[in-house]
Amino acid sequence: MMESLFYIAAVVALSATILALTRANAAHALIYLIVSLLAVAVLFFLLGAPFAAALEILIYAGAIMVLFVFVIMMLNLGEAGEESERKGLHPRNWIIPGIMTALLFMELVYALEQVPALTSGVAVSPKEVGIMLFGPYVLAVELASMLLMAGLVGAYHLGRRFNVRNVGSN
């Protein structure tokens with residue numbers, strides 16, 4: 001039974017990610033991305049890593065997505081953007097993400113009832129996770145931070161070049 005829950009959550013994660021990549025409206029893509037991140041959190045929980053699932057929800061689905069929402073709001077696309085957002089608030093646009101989220105919620109409720117069967121039974125504290133990350137796995141953590149920094153610098157330069165072209169054409 002737990003294996004089928006894993007596959008359902010994986011299908012939800014994949015389909016929500018594909019839908020996030022194919023949406024033209026940034027707000028709709030963001031909603032699908034949040035559903036995808038919630039599905040990944042369910043996958044972590046089903047694999048016996050409740051701490052990683054909680055971090056996935058708090059950091060990615062919570063904090064980073066709020067940052068994305070603020071960026072979309074700060075873009076302020078004018079009246080054309082406001083009209084597009086009004087159309088986006090139509091209830092039919094919320095059906096698919098709502099169904100996916102409800103499915104994940106039902107999976108999580110069922111999985112929480114089966115907690116002893118899902119975990120290894122060994123509690124791991126955040127301190128132990130930190131000691132492992134900055135002990136034997138410090139090279140992987142540093143490589144990931146350098147990769148993120150390179151992405152940040154690249155995004156800055158691409159955005160700066162785009163803004164310079166747009167300002168020069170006006």
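No hydrogens, no waters, no symmetry mates; every other heavy atom, side chains included, goes into these values.
- Under the side chain to side chain donor-acceptor pair (under 3.5 Å) criterion, no residue pair touches residues 141-152, with sequence neighbours excluded.
- Residues Leu133 and Val138 share a hydrophobic cluster, clusters being chains of Ile/Leu/Val/Met/Phe/Trp/Tyr side chains in contact below 4.5 Å.
- Taking Ile, Leu, Val, Met, Phe, Trp and Tyr as members and joining any whose side-chain heavy atoms lie under 4.5 Å apart, directly or through other members, the hydrophobic cluster of Ile99 also contains Ile95.
- In this structure, Ile59 is a member of the same hydrophobic cluster as Val42, with clusters built from ILVMFWY side-chain heavy atoms closer than 4.5 Å.
- Taking a 4.5 Å side-chain heavy-atom cut-off between Ile, Leu, Val, Met, Phe, Trp and Tyr, the cluster of Leu148 contains only that residue.
- Annotation: the span from Leu104 atom CG to Phe45 atom CZ amounts to 13.5 Å, rounded to 0.5 Å.
- Summarising the geometry of Pro136 relative to Ile131, their closest heavy-atom pair is CD-O, 4.0 Å, with the distance given to 0.1 Å.
- Hydrophobic clustering (side-chain heavy atoms under 4.5 Å, transitive across Ile, Leu, Val, Met, Phe, Trp, Tyr) keeps Leu5 apart from Phe44.
- Every pair tested for side chain to side chain donor-acceptor pair (under 3.5 Å) that includes a residue from residues 53-63 fails, sequence neighbours excluded, so the list is empty.
- Minimum heavy-atom separation, Ala39 to Ala9: CB-O, 3.7 Å.
- In terms of the side chain to side chain contact (heavy atoms under 4.5 Å, CB included) criterion, residue partners of Ser125 (sequence neighbours excluded) are, by chain and number, Lys127, Glu128.
- Annotation for Met132: hydrophobic cluster partners, listed by chain and number, are Tyr137 (ILVMFWY side-chain heavy atoms under 4.5 Å, direct or chained).
- Taken together through direct or relayed side-chain contacts under 4.5 Å among Ile, Leu, Val, Met, Phe, Trp and Tyr, Leu37 and Leu55 form part of one hydrophobic cluster.
- Residue Leu139 belongs to a hydrophobic cluster whose other members are Leu143, with links defined by side-chain heavy atoms closer than 4.5 Å.
- The side chain to side chain contact (heavy atoms under 4.5 Å, CB included) search around Ile96 returns Leu19, Tyr32, Met100, not counting sequence neighbours.
- Each side chain to side chain donor-acceptor pair (under 3.5 Å) pair with one or both residues in residues 43-53, not counting sequence neighbours, would appear here, but there are none.
- Between Glu107 and Ile8, the shortest heavy-atom contact is OE2-CG2, 2.7 Å.
- Under a hydrophobic clustering in which Ile, Leu, Val, Met, Phe, Trp and Tyr are joined whenever their side-chain heavy atoms come within less than 4.5 Å, directly or via other members, Tyr110 and Leu38 fall into the same cluster.
- Annotation: side chain to side chain donor-acceptor pair (under 3.5 Å) contacts involving residues 5-23, sequence neighbours excluded, comprise Thr17-Ser36.
- Under the rule for a side chain to side chain contact (heavy atoms under 4.5 Å, CB included), the partners of Phe6 that lie at least two apart in sequence or sit in another chain are Leu43, Leu46, Leu47.
- Met106 is linked by a side chain to side chain contact (heavy atoms under 4.5 Å, CB included) to Leu103, counting only residues two or more places apart in sequence or in another chain.
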